[in-house]
Undergrad: 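Mind having a look at this structure? Questions to follow.
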Amino acid sequence: MTDANKEILEIKNLNINFTIDSGMLQVLNNINLTISKGEFICIVGASGCGKSTLLRIIGGLEQDYTGSCLFKGQEVRKPSVDRGFVFQESRLFPWLTVEKNVEFGLRDASEEKQNNNLKSKRKTVRQHLELVGLENFGKAYPNQLSGGMQQRASIARALVNNPDMLLLDEPFGALDAFTRINMQQEILKIWHKEKTTMILVTHDIDEAVYLADRVVLMSQRPGTIKRIVKNDVPRPRNRKNPEYTKIRNEIFEEFFSEFETDIEYFI
């Protein structure tokens, strides 16, 4: 899926601080990361380590950083339709139908990516509803959908402009275990079909091993990149595969090395 000669994102010496009542809080410290076109990257870390902040910087939602964050060679300082964003909550507009929510994603598209012809727009929306398996729910409202279906609609809205990169901030965190596993499989289907570069933030190590080409492991705040683990477990992945178990346990041990925890209890 990846092309090592086509770097789409390059982060160098990135730092960000937040001002709070007690003073200055260092959130990210000296982040260096390069991602190739078509990769599936998972960023794993404890709550508060800055992984979501890093994703927001890549998405252009946080601009007050030092260092550099280059997307296709250009410094990231604002959001763009080239980078779709999916949050933990679906963030659908409750007064709009599913198809209108997805269509809303087209409104800020550049002229190169948006055909103003109404028929063409409807076709694009329909194609993306089919992509996420919601072709029969276009007229439904968000409150008529399950949590997993709402997230599918959010993914369709984020993909409707055919972005080069999709950023997912713990998109399955609020779902039950069964739905979460199904959504992991769905996002992989989309990744294989669309060949979109994906960066997914999660605190779930098993999820990261199941999805990622590489797992970026972050330390506690201030967040640094402790290690990047290449995941060569063959796809489609079987969680019972010894190679899968080995890399999962390796990441568990690395992750919990900074905590006073009995690792064997988890693995």
Side-chain angles (χ1 to χ4, degrees), residues 8-9 35 37-38 40-41 52 55-63 71-72 74 76-175 179 182-184 186-201:
I8 194 171
L9 184 75
I35 295 175
K37 185 176 181 180
F40 200 131
I41 300 294
S52 291
L55 201 71
R56 289 174 62 85
I57 290 173
I58 297 169
L61 302 176
E62 297 282 355
Q63 295 90 27
F71 177 72
K72 297 196 296 186
Q74 300 295 316
V76 175
R77 291 293 178 183
K78 61 182 181 180
S80 166
V81 293
D82 287 335
R83 283 165 278 125
F85 210 113
V86 178
F87 299 89
Q88 183 171 351
E89 311 84 15
S90 64
R91 300 198 180 184
L92 300 173
F93 299 114
W95 59 88
L96 295 179
T97 63
V98 170
E99 63 183 8
K100 289 296 182 183
N101 265 285
V102 175
E103 183 181 315
F104 185 87
L106 285 167
R107 295 188 180 186
D108 294 328
S110 61
E111 291 182 4
E112 295 80 21
K113 288 199 170 183
Q114 180 180 356
N115 186 329
N116 289 322
N117 181 279
L118 183 59
K119 184 177 179 181
S120 176
K121 183 184 290 189
R122 287 175 176 170
K123 180 181 178 181
T124 299
V125 170
R126 185 172 63 253
Q127 288 172 337
H128 284 81
L129 288 177
E130 291 173 356
L131 180 66
V132 299
L134 291 178
E135 61 271 21
N136 296 322
F137 294 88
K139 302 298 183 182
Y141 287 88
N143 65 359
Q144 296 174 313
L145 304 181
S146 67
M149 293 168 76
Q150 289 179 22
Q151 281 298 68
R152 290 186 189 194
S154 296
I155 292 168
R157 183 171 63 182
L159 288 172
V160 75
N161 288 305
N162 298 318
D164 296 303
M165 179 177 286
L166 185 63
L167 308 172
L168 304 110
D169 190 4
E170 301 196 47
F172 314 137
L175 304 177
T179 304
N182 282 337
M183 288 301 298
Q184 290 168 3
E186 290 301 319
I187 202 68
L188 282 176
K189 289 179 184 177
I190 293 169
W191 176 62
H192 279 293
K193 184 172 183 178
E194 298 294 291
K195 297 180 174 58
T196 305
T197 307
M198 294 198 180
I199 306 177
L200 185 144
V201 161

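For the single chain, residues carry numbers from 1 onward in sequence order.
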Undergrad: Do Ile190 and His128 touch side chain to side chain, with heavy atoms closer than 4.5 Å?
TA: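 Contact flag for Ile190/His128 side chains = no.
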
Undergrad: Hey, mind stepping through Met183 and Ile155 against side-chain contact (heavy atoms from CB on, under 4.5 Å) and telling me if it holds?
TA: CA-CA 11 Å; Met183 288 301 298; Ile155 292 168; 4.0 Å; yes

Undergrad: Would Arg83 and Val76 satisfy side-chain contact (heavy atoms from CB on, under 4.5 Å), going step by step from the backbone distance to the final call?
TA: CA-CA 10 Å; Arg83 283 165 278 125; Val76 175; 3.5 Å; yes

Undergrad: Under the rule for salt bridge (Lys or Arg N to Asp or Glu O under 4.0 Å), what residues qualify as partners of Arg122, not counting sequence neighbours?
TA: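 For Arg122, no residue satisfies salt bridge (Lys or Arg N to Asp or Glu O under 4.0 Å) once neighbours in sequence are set aside.
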
Undergrad: Among residues at least two apart in sequence or on other chains, which ones pass side-chain hydrogen bond (donor to acceptor under 3.5 Å, both in side chains) with Arg152?
TA: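 Partners of Arg152 under the side-chain hydrogen bond (donor to acceptor under 3.5 Å, both in side chains) test: none.
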
Undergrad: For Asp169 versus Ser52, what's the shortest heavy-atom pair and its separation?
TA: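 The pair with the smallest heavy-atom distance is OD1-OG, 2.8 Å.
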
Undergrad: Between the side chains of Lys72 and Asp82, is the shortest nitrogen-to-carboxylate-oxygen separation below 4.0 Å, so that they form an ion pair?
TA: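 Yes, Asp82 and Lys72 are salt-bridged.
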
Undergrad: Between Thr179 and Ser146, is a side-chain contact (heavy atoms from CB on, under 4.5 Å) present by the stated rule, with each step listed?
TA: CA-CA 10 Å; Thr179 304; Ser146 67; 5.9 Å; no

Undergrad: Can you give me the closest heavy-atom contact between Leu134 and Ala153, atom names plus distance?
TA: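 Distance-wise, the nearest heavy atoms are CD1-N, 3.5 Å.
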
Undergrad: Can you name the closest pair of heavy atoms from Pro163 and Val81 and give their distance?
TA: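 Shortest heavy-atom separation between Pro163 and Val81 comes out as CB-O, 3.4 Å.
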
Undergrad: Applying ring pair (Phe, Tyr, Trp, His ring centres under 6.0 Å), can you list everything that pairs with Phe137, at least two apart in sequence or on another chain?
TA: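 If we apply the ring pair (Phe, Tyr, Trp, His ring centres under 6.0 Å) test to Phe137, skipping adjacent residues, there are no hits.
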
Undergrad: Find out whether Leu166 and Trp191 are in side-chain contact, i.e. whether some heavy atom of one side chain is under 4.5 Å from a heavy atom of the other.
TA: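 In short, these two side chains do not touch, never coming nearer than 4.5 Å.
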
Undergrad: Suppose the criterion is salt bridge (Lys or Arg N to Asp or Glu O under 4.0 Å): which pairs have a residue in residues 129-138, not counting sequence neighbours?
TA: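 Output for this query is empty, none listed.
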
Undergrad: Using ring pair (Phe, Tyr, Trp, His ring centres under 6.0 Å) as the criterion, list what pairs up with Phe93, not counting sequence neighbours.
TA: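 Expected list: Trp95, Phe104.
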
Undergrad: I'd like to check Ile41 versus Met198 (side-chain heavy atoms, cut-off strictly below 4.5 Å). Are they in contact?
TA: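 Answer no - side chains too far apart.
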
Undergrad: Who pairs with Phe71 by ring pair (Phe, Tyr, Trp, His ring centres under 6.0 Å), at least two apart in sequence or on another chain?
TA: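 None.
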
Undergrad: So do the side chains of Leu106 and Val125 get within less than 4.5 Å of each other, counting heavy atoms only?
TA: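 They are in contact (side-chain heavy atoms under 4.5 Å apart), so the answer is yes.
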
Undergrad: Does some side-chain heavy atom of Leu168 sit less than 4.5 Å from a side-chain heavy atom of Val201?
TA: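 A side-chain contact is absent here, since even the closest heavy-atom pair is not under 4.5 Å.
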
